[in-house]
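Following: one structure in structure tokens, then a few remarks.
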There are 2 protein chains.
Amino acid sequence: MEPPRSEEVLVERAHGLAGRTVGELGRSLEVDVPATPRRAKGLVGQLVERALGASAGSADEPDFLEIGVELKTLPVGPEGRPKESTFVATIKLNEMAETDWEASTVWRKLRRVLWVPVEADPALPLPARRLGAAILWSPSAEQVAALRADWETIATYVLRGEADRITGHLGTYLQVRPKAAHGGVRTRAPDAAGGYQWTGPRGFYLRTRFTEQVLRAL
Amino acid sequence: MEPPRSEEVLVERAHGLAGRTVGELGRSLEVDVPATPRRAKGLVGQLVERALGASAGSADEPDFLEIGVELKTLPVGPEGRPKESTFVATIKLNEMAETDWEASTVWRKLRRVLWVPVEADPALPLPARRLGAAILWSPSAEQVAALRADWETIATYVLRGEADRITGHLGTYLQVRPKAAHGGVRTRAPDAAGGYQWTGPRGFYLRTRFTEQVLRAL
DNA sequence: CAGGATCCACTATTGGATCCCG
DNA sequence: CGGGATCCAATAGTGGATCCTG
């Protein structure tokens, strides 16, 4: 499918997904959907990408590059609350010195997002889970200010050479957590002496308390 | 010891307790203090009552009746946060129809409270735990409004004959939980038909999120 | 490895149950 | 039993670890 040429086209396509199941979506794309997401963690996100015409495998840019919109599926429980935090972007430890908030991948991805809720009750087989009504969203001024404050707190640690002191506890809404295939992976970060050190790769995540606000705003 | 004749006298006495241990307090009152509160749950509260001159065993009225002040010890963890909810009063299910917030035992006890923090680290033997600086407190207008709203929600259940539907989940700050020697105790409550039904005795408790505000306000 | 995310062990919180004294 | 409270099993929440694809 071609990339949508406008937000209107994107939203129209997204509304066509509301109420459909993950199994139906998989059949229409000729993809096999296993009974559980355990070994297919990103599958639903990738199916929705294809169904909406995102340019697959786009690196480090919003999924719908032409119209500046990021796509995020959001696992929701029976009461409509998010069940998990949301991955936003890998943290580029060695590039933070040349980056500010406005230029950050976090800001470039979060300024415009199409949220697609997906049922996530573990008792429900993956193919039976339904997609919800998509929400095309931008953060409020307060949310931008809070996200920026979190981002700058984290950036300060990295620039001081204290990347290893960053834990998931930091940040009101935006946090940093490990992001790797397994615990043995290493990457480089600045150290306090102007050189570099080895540390585990990590990513920025939105806490559920943030995405819960997003869903309630509707 | 005689009851304090004024808040000033009470606060002066309370300041004399700050920094002392429960063991010291027990010795001065010739009371044996066991190593743990497990079998002496209300002991510290009763020792502080005696040390400050509360009229012991006062029924259903503020501890310092003459000056209208209630005494509450507050178990606090290493970071100064309350470790437990705080019992306020038994809920008189069969008298709620004749009571409103202004006349309630909850309001009469909470409008003026002397909070006495007590260390509560389980690793610390009871006699070694120290008393903190007492706080003579009244609720803010917002706090009164919130407590009253919780109380009225609960009262509505009782008056509808739905006392059995009240659980600890109700109430932002004020909740209702069992209050009995054991689960077999029964008491009477109104039923929906104008008669009565048997149910377990319960009491009003302040959630720690409330008492945490009290401690931070200083 | 970056992007799509969820898993799950551990910690924190909750609220129903309980204990002593007069 | 009412007033002084804490205990502790079960649930909810957090954040470090992990899984698949291109």
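Throughout, a chain's letter reflects where its sequence line sits, starting with A, and its residues are numbered from 1. For the numbers below, each heavy atom of this structure counts, side chains included, while hydrogens, waters and symmetry mates do not.
- Proximity note for Arg38(A) (side chain, C-beta onward) versus dG16(C), dG4(C), dC8(C): the nearest is dC8(C).
- Nearest-nucleotide positions on DNA chain C place Lys109(A) closer to the 5' end than the other of Lys109(A) and Gly168(B).
- Rounded to an integer number of Å, the gap from NE2 of His182(A) to C1' of dA5(C) is 17 Å.
- In this structure, Glu162(A) pairs ionically with Arg160(A), as a charged nitrogen and a carboxylate oxygen lie closer than 4.0 Å.
- Summarising the geometry, the separation between NZ on Lys179(A) and P on dG3(C) is reported as 8 Å, rounded to the nearest angstrom.
- We find that Arg81(B) and Glu212(B) are joined by a salt bridge, their nearest charged nitrogen and carboxylate oxygen being less than 4.0 Å apart.
- Counting heavy atoms from C-beta on, the side chains of Pro139(B) and Gln213(B) never come closer than 4.5 Å.
- Among the heavy atoms of the strands lying under 4.0 Å from Thr167(A) are primed sugar atoms or P, OP1, OP2 only; no base atom is included.
- The two atoms that bring Leu114(A) and Ala134(A) nearest to each other are CD1-CB, 3.9 Å, heavy atoms only.
- Scanning atom types as modelled, no donor and acceptor separated by under 3.5 angstrom connect the side chain of Lys72(A) and the base of dG4(C).
- When the side-chain nitrogen and oxygen atoms of Arg39(B) are compared with OP1 and OP2 of dC19(C), none of them lie within a distance under 4.0 Å.
- Thr86(B) comes within 4.0 angstrom of no nucleic acid atom, judged by non-hydrogen atoms across all strands.
- Counting non-hydrogen atoms under 4.0 angstrom, Arg209(B) reaches the backbone sugars and phosphates but no base.
- Between Lys83(A) and Pro178(B), it is Pro178(B) whose nearest contact on DNA chain D lies nearer the 5' terminus.
- No side-chain N or O of Thr105(B) forms a donor-acceptor pair with one of Asp60(B) less than 3.5 Å apart.
- Each of Glu61(B), Glu70(B), Glu102(B) was checked for a side-chain hydrogen bond (donor to acceptor under 3.5 Å, both in side chains) with Arg108(B), and the lone residue meeting it is Glu61(B).
- When the C1' atom of dA2(C) is taken as reference, atom NZ of Lys41(A) falls 16 Å away, rounded to whole Å.
- The distance between atom OH of Tyr205(B) and atom C1' of dG16(C), rounded to the nearest whole Å, is 9 Å.
- Ala120(B) comes within contact range of no nucleotide atom at all, as no heavy-atom separation falls under 4.0 Å.
- A donor-acceptor contact under 3.5 angstrom links the side chains of Thr199(A) and Arg202(A), judged on distance only.
- Gly45(B) comes within 4.0 angstrom of the backbone, heavy atoms only, and of no base.
- Distance CZ (Arg108(A)) to P (dG3(C)): 10 Å, rounded to an integer number of Å.
- Within 4.0 Å of Val185(A), counting heavy atoms only, lie sugar-phosphate atoms of the nucleic acid but no base atom.
- With a heavy-atom cut-off of 4.0 Å to chain B, the contacted part of DNA chain D has its first and last nucleotide at dC1(D) to dC8(D).
- Across all strands, Glu70(B) comes closer than 4.0 Å only to sugar-phosphate atoms, never to a base (heavy-atom distances).
- At a threshold of 4.0 angstrom between heavy atoms, the contacts of Ala89(B) with the nucleic acid are absent.
- Atom CZ of Arg81(B) and atom C1' of dA12(C) are 9 Å apart (whole Å).
- Side chains of Ser138(B) and Arg112(B): a donor-acceptor N/O pair is present below 3.5 angstrom, by distance only.
- When each of Gln46(B) and Pro37(A) is assigned the nucleotide of DNA chain C with its nearest heavy atom, Pro37(A) is the one assigned upstream, toward the 5' end.
- Pro75(B) comes within 4.0 angstrom of sugar-phosphate atoms only, judged by non-hydrogen atoms across all strands, and of no base.
- The CZ-P distance, from Arg202(A) to dC1(C), rounds to 15 Å in whole Å.
- When rounded to the nearest whole Å, the span between CZ of Phe87(B) and C1' of dT18(C) equals 14 Å.
- The CG atom of Leu110(B) sits 7.0 Å away from atom CZ of Phe210(B), with the distance rounded to the nearest 0.5 Å.
- Within 4.0 Å of Ser85(B), counting heavy atoms only, lies at least one base atom of the nucleic acid.
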